[in-house]
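To start, the structure under review is shown below, and the notes come after it.
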Amino acid sequence: NSVLIYLLPVLFWFLIKPYILHLQEAKNTKKSFLRLKFNKEIFEALLKKQNPIEASTNGLGIDIGNLEATNTLIKVCNPYCSPCSKSHAKIEQLLETNTNIKVKIIFKTPTELESLSYKATAHLLTIAKDNPKQIRHALDDWYMSEKKNYDDYMLKYPISGELADQNNKVSDMQKWCDTMNIRGTPTIFFNGFQLPEAYRIEDLTYFLLE
């Protein structure tokens, strides 16, 4: 029995040693991966291999952030898209912590006037036109609400004019999405190229520090 007591720790070590070595190897691999991932030169090289923006975005969507910034993030979204709501919160955090970035929000929505997506999009476009200082708060209220009820939102943010007045702008955004072959939302572009799959919106903070 006494021999067994001395042998148990040795046996236990031999059993768990491969697992510990595997964890250490995984930890070291992760560190190496992160060093490569957040290397600015590598990021820019990967970025420029992604889908480029080949159609002009002038006059499209809603612009927020520092309009004089040298970095541009474009978010293609839908008002009722749950992942779009999550990405909006991340973009807001990015804007709060970085001054050298501007954001353009392009909506991929139907052009039918009775569509709820059209109504929400046209409403937001109208707020941006009539009261640009309010639009960022209005976007937060829409995307960060757990339940998106357009009738309630319409009462909270009344607008002048008709939603149909934004039909050309909604149509132009839809044409842009078709030209760019946008299939899903949200689709994120950074400085003219689609964000690589390995990167998230919050990762961009590392490349905006300089």
Got a second to check how far Ile106's CD1 is from Ile62's CD1, nearest 0.5 Å? 11.0 Å
Spatial distance of atom CG (Asn167) from atom OG1 (Thr111) [nearest 0.5 Å]: 6.5 Å
Quick check against the 3.5 Å criterion: does Trp142 have a side-chain atom that pairs as donor or acceptor with the backbone of Lys148? no
Side-chain donor or acceptor of Asp203 paired with backbone N/O of Arg200 under 3.5 Å: yes
Determine, using the 4.5 Å side-chain heavy-atom cutoff (strictly less than), whether Phe38 and Phe43 are members of one ILVMFWY cluster. yes
Heavy-atom closest pair, residues Thr126 and Ser160: CG2-O, 3.8 Å
Does one side chain, of Thr121 or Lys169, offer a donor that lies under 3.5 Å from an acceptor on the other? no
Are the side chains of Glu68 and Lys102 in touch, meaning some heavy atoms are under 4.5 Å apart? no
Worked verdict on Glu96 versus Arg136 for salt bridge (charged side-chain N to carboxylate O under 4.0 Å, His left out): CA-CA 12 Å; Glu96 287 293 329; Arg136 193 163 161 186; 3.3 Å; yes
Atom pair CG (Asn71) and CG (Asn98), whose distance is rounded to the nearest 0.5 Å: 9.0 Å
Which atom pair, heavy atoms only, marks the closest approach of Trp176 to Ile53? CZ2-CG2, 4.1 Å
Which atom pair, heavy atoms only, marks the closest approach of Leu60 to Lys104? O-NZ, 2.9 Å
Taking every heavy atom of Gln166 against every heavy atom of Ala122, the minimum-distance pair comes out as CG-O, 3.5 Å
Check whether Met144 and Leu124 end up in the same hydrophobic cluster, where Ile, Leu, Val, Met, Phe, Trp and Tyr are linked by side-chain heavy atoms less than 4.5 Å apart. no
Which distance, rounded to the nearest 0.5 Å, do you find between the CD of Gln194 and the OH of Tyr199? 15.0 Å
Asp165 side chain to Glu162 backbone, donor-acceptor under 3.5 Å: yes
Within this structure, what is the NE2-OH distance for the pair His123 and Tyr118, rounded to the nearest 0.5 Å? 12.5 Å
Side chain Gln93, main chain Ala89, donor-acceptor under 3.5 Å: no
Quick one: closest heavy-atom pair of Asn78 and Cys84, and the distance? N-SG, 3.6 Å
Interatomic distance, NZ@Lys90 vs OG1@Thr205, rounded to 0.5 Å, equals 11.5 Å
Answer with yes or no after comparing the ring centroid distance for Tyr153 and Tyr157 against a 6.0 Å cut-off, counting only values under it. yes
Tyr150 and Leu116 have their tightest heavy-atom pair at CB-CD2, 4.5 Å
Answer with yes or no whether the side chains of Thr70 and Asn100 bring together a donor and an acceptor at under 3.5 Å. yes
Hey, can you tell me if Tyr143 and Phe107 have their rings parallel, tilted or perpendicular (30° and 60° cut-offs)? parallel
Quick check: do Ile101 and Asn66 have side-chain heavy atoms less than 4.5 Å from each other? no
Does Ser145 use its side chain to pair, donor to acceptor, with the backbone of Lys147 at less than 3.5 Å? no
